[in-house]
There are 2 protein chains.
Amino acid sequence: MESLNTAQPVRKRGRPTEDERVERRTQILEAALPIFLEYGFGDTTVDQLAAAARVTKRTLYNYFGNKAGVFTEMQRRLASMVSGDAPAHDTLESLATRIVLRLHSAEMIGLHRLVIAESLRFPELARNLYDNGDLRHISRLADLVRAEWGLNASSSSAAALFSLLLGEDYRRRLLGLIGPATTEEAARHALTALTTIGTGRGDGSH
Amino acid sequence: MESLNTAQPVRKRGRPTEDERVERRTQILEAALPIFLEYGFGDTTVDQLAAAARVTKRTLYNYFGNKAGVFTEMQRRLASMVSGDAPAHDTLESLATRIVLRLHSAEMIGLHRLVIAESLRFPELARNLYDNGDLRHISRLADLVRAEWGLNASSSSAAALFSLLLGEDYRRRLLGLIGPATTEEAARHALTALTTIGTGRGDGSH
DNA sequence: TTTTAATGATACGAACTAGTATCATTATAA
DNA sequence: TTATAATGATACTAGTTCGTATCATTAAAA
């Protein structure tokens with residue numbers, strides 16, 4: 001069921017330098033990510049991983065020991081991916097919009113689905129996603145909530161706001177019922193959530 | 001070395017009546033549920049299912065054709081499980097508490113985790129969970145929101161309320177980071193969510 | 001130059017698994 | 001009573017997959 005040789009750019013053979021080793025390492029991990037995202041851990045075969053990275057299984061086992069080794073190594077590279085980079089200047093609305101756009105993207109939905117599915121087998125993966133994802137987002141939201149709404153807005157506002165930024169649409173996307181969010185949808189969604197938390201009643205009125 | 005059999009209640013052999021057939025059918029499906037919840041679809045073997053149901057593979061294939069047949073048949077029995085039965089008289093607070101207690105239980109978290117993991121392979125399962133779960137909960141919440149808060153509270157209030165009833169704790173449970181909710185935690189959680197939506201700011205103050 | 005570590009290509013073994021087949025058995029249906 | 005459908009118990013087939021092994025090859029290291 002796998003496509004056979006489609007003009008592979010044959011790799012050189014001999015002994016690699018140290019730089020080439022680290023480069024190949026990242027190359028394998030980057031190739032593994034979309035495979036795991038699509039097939040999950042159990043239904044991804046080592047042959048798939050090797051083929052995607054244009055590497056033989058021999059090399060793959062040489063670098064990572066086994067399949068779980070590739071998986072757990074990959075997750076360490078995801079910290080920056082799940083948290084995203086924070087612009088210096090940000091308003092609550094722009095931050096909320098960026099969070100929605102990010103968490104409702106196809107890549108992040110796929111990643112979350114994978115991590116949830118494998119959370120019992122790979123607890124570190126779940127912990128990593130939560131600490132570097134949710135917690136950082138909530139922390140940044142809390143800073144801006146205090147800055148824009150004053151100190152009487154307790155820290156639980158940020159957590160509630162984050163839950164609304166996910167909302168039903170996020171659940172629908174996790175379940176594969178709808179596609180990723182557009183920029184416009186994300187902005188509208190963020191604004192609605194802000195209004196709901198800021199004024200109550202959640203009817204989006206002003 | 002007599003028998004490895006640990007006192008299995010050996011089943012009778014001959015031809016079963018129609019009643020016995022339906023009974024055995026449900027018996028197999030009920031036994032399959034916890035297995036699928038624990039191991040997922042891919043890592044559950046047919047031998048496991050047969051052993052759990054105290055039935056031979058022969059019988060299992062006779063009833064359900066194949067492994068996916070057991071899985072998809074099982075999901076039809078989950079409609080009532082995911083929606084729950086609705087008491088005639090309910091206040092918004094009691095309904096919210098019951099929803100939290102239900103959705104944050106170990107069984108429901110396991111089910112959701114499974115459905116999310118297999119949502120791409122079994123889209124019907126995801127659709128079933130969402131329609132019979134989320135949508136019904138939101139609908140019931142919307143009725144009571146209108147009844148207790150008046151008609152000016154739009155229907156989006158119910159969806160936002162539902163998102164808060166899930167909240168960060170639900171995410172933590174999906175990721176296996178914390179255990180199921182106690183009755184007290186559920187009641188407190190529900191009250192906080194109601195206050196957040198009802199008054200805004202989400203600080204739980206009155 | 002010589003040695004050696006790493007690789008490509010490929011084959012292989014061990015284990016597991018879905019699904020089928022065989023045969024005796026037994027209770028239901030005719 | 002007799003024929004038959006369904007089962008238990010178990011073995012089996014065919015396919016898949018993880019991980020290892022073999023051998024030639026090549027470039028870095030000594």
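Below, chain A is the first sequence line, B the second, and so on; all start at residue 1.
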Determine the contact category for A/Lys67: base if any of its heavy atoms lies under 4.0 Å from a base atom, sugar-phosphate if only primed atoms, P, OP1 or OP2 are that close, otherwise nothing.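 Answer is sugar-phosphate: A/Lys67 comes under 4.0 Å of backbone atoms only.
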In whole angstrom, give the distance that lies between atom [atom1] of [X] and atom [atom2] of [N].
X: B/Ile28; N: D/dT7; atom1: CD1; atom2: C1'; result: 11 Å
X: A/Leu60; N: C/dG8; atom1: CG; atom2: P; result: 10 Å
X: A/Glu23; N: C/dT7; atom1: CD; atom2: C1'; result: 15 Å
X: B/Gln48; N: C/dC16; atom1: CD; atom2: C1'; result: 12 Å
X: B/Gln27; N: D/dT7; atom1: CD; atom2: C1'; result: 13 Å
X: B/Phe64; N: D/dA6; atom1: CZ; atom2: P; result: 15 Å
X: A/Asp43; N: C/dT17; atom1: CG; atom2: P; result: 13 Å
X: A/Lys57; N: C/dT7; atom1: NZ; atom2: P; result: 16 Å

Short side-chain N/O contact to [N] OP1/OP2 from [X], under 4.0 Å:
X: B/Thr59; N: D/dG8; answer: yes
X: A/Asn62; N: C/dT7; answer: yes
X: B/Tyr63; N: D/dA6; answer: no

Whether B/Phe41 and B/Phe36 hold their rings parallel, tilted or perpendicular, with breakpoints at 30° and 60°: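 Plane angle under 30°, so parallel.
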Relative to the ring of A/His104, is the ring of A/His189 parallel (under 30°), tilted (30 to 60°) or perpendicular (over 60°)?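 It falls in the perpendicular class, over 60°.
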For A/Arg21 and B/Asn66, find the nucleotide of DNA chain C closest to each by heavy atoms; which residue's nucleotide sits nearer the 5' end?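 Upstream on the strand: A/Arg21.
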Here's a test of your reading of the structure: between B/Gly65 and B/Thr45, which maps to the more 5' nucleotide of DNA chain C?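 On the 5' side of the pair lies B/Thr45.
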Is any side-chain N of the basic residue among B/Arg172 and B/Asp169 closer than 4.0 Å to the acidic one's carboxylate O?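 A salt bridge is present here (some side-chain N lies under 4.0 Å from a carboxylate O).
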Does the distance from a Lys or Arg side-chain N to an Asp or Glu carboxylate O, for B/Asp90 and B/Arg98, drop under 4.0 Å?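 Salt bridge present between B/Asp90 and B/Arg98.
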Is it the case that the side chains of A/Arg136 and A/Asn132 hold a donor-acceptor pair, with the cut-off being a distance below 3.5 Å and no angle test?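 On atom types as modelled, these side chains qualify, holding a pair under 3.5 Å.
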Does the side chain to side chain contact (heavy atoms under 4.5 Å, CB included) test come out yes or no for B/Glu73 and B/Ile28, once each step is laid out? CA-CA 10 Å; B/Glu73 279 294 321; B/Ile28 294 175; over 6 Å; no
When rounded to the nearest 0.5 angstrom, what is the spacing between CG in A/Asp134 and OG in A/Ser163?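 Spacing of CG (A/Asp134) from OG (A/Ser163) equals 8.5 Å.
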Going 5' to 3' along nucleotides 22-30 of chain D, which nucleotides have protein heavy atoms under 4.0 Å from the base (write B), which only from the sugar-phosphate (write S), and which from neither (write -)? B--SBBSS-
